[in-house]
Amino acid sequence: MIPFLNEPLLMFLMTALSLILLIQAPLSAETEMNGFVEYYHSFKNDDISDFTSSRSRFKLDLYTPAFAKESDLFFSFSGLFNRLDNQESGFYAEEFYIDTTFKDWDFRIGRQLIIWGKADGIAISDFISPRDMTEFLARDYDDTRMPVTAVKAVHSNEAGEMELIFIPLYRQNKMARPGSVWAMSNPFKNYNIDFLFSGLEKPAHNLKNSEYAFKFSRYLEGIDYSLGLFYSWEDNPVYRRTPDRPQNRICITPETTRYKAVSFECAKASGDFVYRTEFAYQPDKIFLASDIWSNRVFKKDVLNWMFGVDWAMGNTWNLTAQITDKMVLGLNPLVLAEEHDYLGTLSLGKNFWNETLDLRLMYYADFTYDSGFARFSGEYSVSDSLRVSMGTDIFYGSKGVMGEFNENDSIWIKTKYLF
Amino acid sequence: MNLKKRGAANFREYKALGIIMGLFFFGVFLIYPSIGKGTKIVKKQTKITGKEVAELVKNRPDGKDRRAVLTFTLINKRNRKRKRKVLSIQKDEGDDTKAVMCFLSPGDVKNTIFLQYDYDNPKKEDDKWLYLPALRRVKRISGSKKSEYFMGTDFTYDDLGDRSVEEDEHRLVGSEVIDGHDCWIKEAVSKDKDYMYSKVVSWIRKDIHVPLKVDFYDRHKKLLKTMVNEKIKQTDGFWTVWKMKMENFHLKHKTFVTYSEFKYNQGVKDSIFSVSNIKKGRIK
């Protein structure tokens with residue numbers, strides 16, 4: 001369908017078109033502009049000269065009536081100066097879409113963030129927008145989503161809300177570069193084997209390789225629920241092995257694989273509590289063999305679930321707790337996977353002085369690998385536009401995703417000016 | 001008694017009866033104009049009750065829908081000011097009310113949107129959702145925490161909402177003239193013993209059924225805060241509060257609410273009050 005379109009060309013077209021529309025669009029009272037400028041620095045607890053992150057960022061969002069009736073144009077543009085990784089620095093056209101209405105349908109066409117799920121800080125059915133993992137949990141979870149190019153159509157009436165999504169351009173997770181303090185360690189470092197890595201071949205951009213999603217939601221008295229279907233590509237590739245035992249060598253070829261999932265999400269309010277649950281069932285997920293010399297792959301079904309509760313405790317205290325598991329069904333010892341991957345999250349917060357000061361504890365616990373992450377932070381509103389925050393991040397354990405960054409305990413400070 | 005005498009006796013009886021009947025009907029005709037439709041029946045005078053006053057306030061005409069732009073000005077004890085500008089749209093569905101509030105400024109809360117279905121039945125929990133622009137998500141939030149303060153102001157959700165008359169015991173404690181307006185003084189005590197206010201005393205204008213002043217007492221029966229409706233005027237035929245002040249004496253904090261726009265009966269569509277709509281991130 002779009003054989004000629006790729007990311008760089010899309011970026012150029014978006015930037016050019018948005019500049020034209022910005023100049024021509026009437027900057028009337030209906031035009032809205034907002035954004036922020038942010039400075040963020042974090043350094044290791046035991047060495048303040050050792051920065052784990054240092055960046056300056058600005059973001060500009062613009063909403064303006066578009067050329068068509070009942071249509072609006074949204075444009076989001078950001079700039080980043082990363083002192084630790086100059087290659088990350090630059091200007092980015094983040095989102096660019098048109099909102100329009102036709103009969104009972106609302107359309108959003110263009111590059112946009114699409115967020116599913118009821119979980120906080122973890123992805124169960126939130127699998128549409130990929131993630132920027134270049135700074136792992138050092139960035140707020142909700143700040144790591146990356147927009148996708150899509151056509152989203154929503155129809156809502158008393159029976160419910162139906163959402164249809166078509167994503168012609170596949171986009172993957174963005175990982176930290178090798179050498180970054182946030183780069184995942186080499187999983188093969190303990191093997192006395194030569195590994196040869198091939199480049200990743202991404203799926204060609206055509207209709208057959210596009211992604212599709214469907215969701216039906218209802219918002220009733222006291223309860224919301226949704227059912228979703230997603231036909232997509234995995235955000236992380238599978239690293240297929242081609243062993244050459246006589247040469248003591250293994251060729252690693254990253255391969256993007258298809259991802260199919262059925263999801264269910266639900267939130268129910270009861271008194272001071274809101275109970276949330278989410279399920280995502282993924283059939284035929286591809287796993288590698290546990291034997292490093294095996295080139296076999298296995299298809300196993302995976303059930304990802306979450307139960308959570310939000311408690312409005314009163315007197316400006318609030319608590320959120322969640323437990324999740326990623327279950328690999330029908331697992332056997334030949335497969336390189338854990339049968340369960342339990343994770344718990346806790347967030348406890350309170351605000352003071354008519355919501356000018358917010359103190360918060362956030363905690364992730366990986367029960368499978370006995371590792372975790374804790375953040376204690378405070379944010380103060382100096383004025384309506386200026387916020388200052390400080391905090392400390394603690395990693396513990398030696399295994400699992402969080403144990404990887406055990407040496408990245410840090411103290412951070414952030415100032416944010418919003419307009 | 002011979003027949004002649006008997007007849008005379010009967011005549012005298014009939015004559016007496018006739019006189020009595022005549023007097024009766026004469027009397028009836030005399031006072032007839034005073035009876036029935038044309039008669040002003042003198043009823044025994046009854047006093048209005050506190051509950052009736054509460055119902056007058058709640059049922060005061062306020063249109064089928066209301067659209068307003070309001071500014072909250074928050075002032076702390078060091079005289080530091082913060083402002084929040086809000087677009088508020090409400091629509092009545094019988095005794096229930098649907099409302100959407102979208103923050104227009106400042107930047108840190110801009111485009112934060114509350115959606116609320118406020119049910120008059122006190123046994124039915126309100127439905128509330130919150131759209132957070134930074135998260136690009138709609139979250140369902142607890143509908144029961146009406147005692148929580150709204151976005152750092154001195155108003156609780158209950159203060160801003162439409163509290164049901166049945167939730168309190170109402171008592172009329174007197175009358176007073178304030179700024180030239182004759183007011184009922186009504187005391188309300190919540191039937192919920194855990195409610196944040198031990199009592200709420202309102203001065204309500206007798207002519208237009210709008211509170212002029214409201215005192216809120218905490219659970220230790222000390223005066224916690226006072227609300228004053230400083231500017232009331234008719235708009236589109238409805239008595240409307242255009243400026244109010246809430247002063248919290250414990251925290252030494254004040255909130256002024258000033259309306260810059262107020263429109264009634266605009267024919268607001270039901271679709272505005274939907275989760276699907278607030279997910280777009282803007283309210284027009």
Side-chain angles (χ1 to χ4, degrees), chain A residues 30 32 34-36 61 63 72 74 99 106 108 113-118 120 129 140-143 145 154-158 161 163 217 219-224 267-274 276 310-316 351 353-356 381 383-387 416-419, chain B residues 74-78 80-85 104-111 115 117 119 124-130 132-145 147-154 194 196 248 251 253-255 270-271 274-282 284:
Chain A
E30 290 187 38
E32 288 177 28
N34 42 263
F36 64 80
D61 294 341
Y63 240 123
D72 290 312
F74 178 76
D99 274 342
D106 294 320
R108 180 167 286 185
L113 284 172
I114 299 176
I115 300 163
W116 282 12
K118 298 278 186 277
D120 287 340
S129 284
D140 291 336
Y141 175 84
D142 292 293
D143 205 20
R145 288 193 191 88
V154 179
H155 183 275
S156 62
N157 56 25
E158 284 178 8
E161 175 191 275
E163 193 174 325
S217 305
Y219 305 100
L220 306 173
E221 285 179 18
I223 190 167
D224 306 330
K268 171 149 179 56
S270 178
D272 296 344
F273 299 91
V274 176
R276 294 178 282 110
D310 302 326
W311 182 17
M313 301 161 73
N315 202 21
T316 71
N351 62 65
W353 307 332
N354 292 83
E355 295 190 10
T356 53
S381 297
S383 70
D384 283 340
S385 302
L386 184 61
R387 287 180 177 173
K416 194 168 188 174
Y417 177 79
L418 299 110
F419 57 88
Chain B
L74 289 63
I75 305 174
N76 69 6
K77 58 185 174 186
R78 288 187 295 275
R80 175 189 155 187
K81 286 185 187 174
R82 289 183 297 153
K83 287 196 175 189
R84 271 107 179 80
K85 192 174 180 185
L104 304 176
S105 67
D108 60 341
V109 294
K110 190 173 183 179
N111 293 329
L115 172 65
Y117 296 171
Y119 303 114
K124 204 171 169 186
E125 208 171 287
D126 294 344
D127 286 315
K128 281 187 190 167
W129 296 267
L130 174 65
L132 291 164
L135 307 184
R136 302 288 186 94
R137 275 176 58 194
V138 174
K139 288 196 72 169
R140 184 178 267 275
I141 56 177
S142 166
S144 71
K145 268 284 173 270
S147 302
E148 290 289 297
Y149 286 100
F150 175 70
M151 298 295 280
T153 70
D154 297 298
D194 293 328
M196 69 176 296
N248 187 317
L251 298 176
H253 193 278
K254 298 176 214 171
T255 303
D270 288 338
S271 59
S274 66
V275 175
S276 306
N277 188 48
I278 70 172
K279 274 162 77 171
K280 293 178 193 173
R282 289 174 83 222
K284 288 188 180 178

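The sequence lines fix the lettering, A, B, ..., with proteins before strands; numbering per chain opens at 1. Everything numeric in this text was worked out from a predicted model, so none of it was measured.
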Does the plane of the ring in B:W129 sit parallel, tilted or perpendicular to the ring in A:Y219? Use 30° and 60° as the thresholds.
perpendicular
As an exercise, state the distance from [atom1] of [X] to [atom2] of [Y], rounded to the nearest 0.5 Å.
| X | Y | atom1 | atom2 | answer |
| --- | --- | --- | --- | --- |
| B:S276 | A:H155 | OG | NE2 | 10.5 Å |
| B:L130 | B:R137 | CG | CZ | 10.5 Å |
| A:M313 | B:S142 | CE | OG | 13.0 Å |

Between [options], which has the largest tally of heavy atom pairs under 4.5 Å with chain B?
| options | value |
| --- | --- |
| A:E355, A:K268, A:R108, A:E163 | A:E355 |
| A:T316, A:I223, A:D143, A:D99 | A:I223 |
| A:I114, A:D106, A:L386 | A:D106 |
| A:G222, A:S381, A:S217, A:A267 | A:G222 |

Which bit of [X] comes within less than 4.5 Å of chain A, counting heavy atoms only: side chain, backbone, both or neither?
| X | result |
| --- | --- |
| B:L104 | neither |
| B:S274 | neither |
| B:Y117 | neither |
| B:N111 | side chain |
| B:D127 | side chain |
| B:K280 | both |

Contact class of [X] relative to chain B, heavy atoms under 4.5 angstrom:
| X | result |
| --- | --- |
| A:F74 | side chain |
| A:D384 | both |
| A:W353 | backbone |
| A:Y63 | side chain |
| A:L220 | backbone |
| A:D120 | both |

Evaluate A:D224 against A:K118 for salt bridge (Lys or Arg N to Asp or Glu O under 4.0 Å), listing each step before the verdict.
CA-CA 10 Å; A:D224 306 330; A:K118 298 278 186 277; 5.4 Å; no
Is any side-chain heavy atom of [Y] closer than 4.5 Å to one of [X]?
| X | Y | answer |
| --- | --- | --- |
| A:L418 | B:K110 | no |
| B:K279 | A:I115 | no |
| B:R84 | B:S105 | no |

Taking side-chain contact (heavy atoms from CB on, under 4.5 Å) as the criterion, tell me which of B:N248, B:T153, B:I75 meets it with B:T255.
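Only one of B:N248, B:T153, B:I75 forms a side-chain contact (heavy atoms from CB on, under 4.5 Å) with B:T255, namely B:T153.
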Residue among B:L74, B:L135, B:V109 with most heavy-atom pairs under 4.5 Å to chain A:
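Sorted descending by pairs with chain A, the first entry is B:L135.
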Heavy-atom pair of closest approach, residues B:I141 and A:A269
O-CB, 4.4 Å
Over all atoms of both residues, closest heavy-atom pair of A:E161 and A:V154
CG-CG1, 3.7 Å
